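Have a look at the structure below before the remarks.
Whatever order the structure lists them in is the order used to number ligands and atoms, beginning at 1. Please read all numbers here as calculations on a predicted model, not as lab measurements.
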Amino acid sequence: MADITALTLLQIRDAIGQRSLSSVEVTTAFLDRIERLNPRLNALHEIYRDRALQRAGQVDAGQITGPLAGVPVVIKDNMCTAYGHTTCSSKMLENFAAPYTATAVARLEAAGAIVLGKSVMDEFAMGSSTEHSAHGVVKNPWALDYVPGGSSGGSAAAVAAELCPAALGSDTGGSIRQPAALTGTVGLKPTYGRVSRWGLVAFASSLDQIGTFTHDVEDAALLLGVIAGHDPLDSTSAPAPVDDYLAALSMTSPTPAKLRIGLPREYLSDANHPAVTAMMDQAIASFRSAGAEIVDVALPHTQYGIPTYYIVCTAEASSNLARYDGVRYGHRSAQAEELLDVYSLSRAEGFGAEVKRRIMLGTYVLSSGYYDAYYLRALKARRLIKGDFDAAFERCDVILCPTTTGPAFKLGAKTEDPLTMYLNDVYTVNCNLAGLPGVSLPGGLAKVEDVSLPIGLQLMGPAFAEGKLLQVAKLYQTLTDHHRQRPKAI
Ligand code: GLN
């Protein structure tokens, strides 16, 4: 058998189920690898060694059972856990111990999964490189002087570096798909409302969605089936029934009947890296040869995606982050002498520069006199963007495009220039604005200077069509095999 840490979630689950591996053996292998490599990568902030090993022992003793019995996972640090800390990689929540566990995490644990630790992220999930973090930057396992993407960069790097077979992340404008693309992992953002947001620290509530990082599509399907579903604690979680996504994958042989793949020309820009263009050409040819029909679709309002997203998300963030006032929880300034100081000094000391920028932008676009000019217009543009997708899905089953315009960039290359940083999300934000499911798949490697770095292929589907989306994703995986490439740098 291959090294334990190179195995997929499904392989680990089956090996534990057949007792060819024990859960303690598996958990120890990952914990040891974390101990060895995490100091170099900084993917994880907090590691629950004792708790993980104790739960692994209970799995081996038959006291914990379920579809994920004994498999280790990592959780992005914006999901509450009733143990350890939930910091959002912010000084504001440095010592915050949540009194409850997020539904998505609780569902994983109820299915028998073992949480190894919490991953480093951009502060409050605002960023595209995991450099805006109070806990230091995360390195890309493919080349340590490159970013892993963000904001779920720690979760992405942890899976890519085999510190865990799977991780949860959150995606508000691309924070699962973009880091997945930049680390050569599979990143799935489900439909808005498919997974409960209860216990996910809010950034932009109309966009936030929890999803997964894995090595392959089967593992994504397995995890989604566990975390998805209605939750009475989140009124935006959908009552739609949860399919057996994994079983649906084995039913396709090999191309779903009459598969129509939509190609939006707006995503085939000259700005794309040549390797991204080649990846798209190859994907189109492979899908065609597998019997799929490629249809041109138009998403004409794509160009408004970035401004619309950065108005909506900052507006919602400015409102959501008002709760960090230094009173009930979070950082409280030691310098404050009166109430107003408690608010302003605590916030000035607790938040990092990017979070402050977003709060100011969001407060501005919501302020009287500017509300109509910015926020209301953004909501209208959002409706048009959604309308584009509705029209496109009349003509195709899924949409095919790149996840990003190119591979990872060097650490520090964009931190001084927020606008260039925001443009990273040009191919991911529209999916969130429309509330649709999207997945990024390993799309091969691009040569940059003296290193080879991953790029990602994105598929987007109609709302709640995760089953179909994953079937097409699996087909691409079968046709290309890019997902088997793993980083050698570490
Ligand atoms: N990079 C985007 C941003 O900075 C998306 C973040 C996210 O999806 N959480 O807002």
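- Exactly one of Val73, Thr101, Val74, Leu168 qualifies for a side-chain contact (heavy atoms from CB on, under 4.5 Å) with Val115. That residue is Val73.
- Scanning for side chain to side chain contact (heavy atoms under 4.5 Å, CB included) contacts around Ser205 gives Arg197, Ala202, Glu316, Asn320, with sequence neighbours left out.
- Listed by chain and number, the residues in a side chain to side chain contact (heavy atoms under 4.5 Å, CB included) with Ala158 are Ala43, Leu44, Leu163, Cys164 (sequence neighbours excluded).
- Partners of Leu423 according to the side chain to side chain contact (heavy atoms under 4.5 Å, CB included) rule, which considers only residues two or more places apart in sequence or in another chain, are Ile306.
- Listed by chain and number, residues touching ligand 1 at under 4.0 Å (heavy atoms only) are Ala125, Met126, Gly127, Ser128, Ser151, Asp171, Thr172, Gly173, Gly174, Ser175, Phe203, Tyr309, Tyr310, Arg358, Asp425.
- Between His331 and Glu349 there is a side-chain heavy-atom pair separated by less than 4.5 Å.
- Taking the side chain as every heavy atom from C-beta outward, Asp171 and Gln178 never approach each other to under 4.5 Å.
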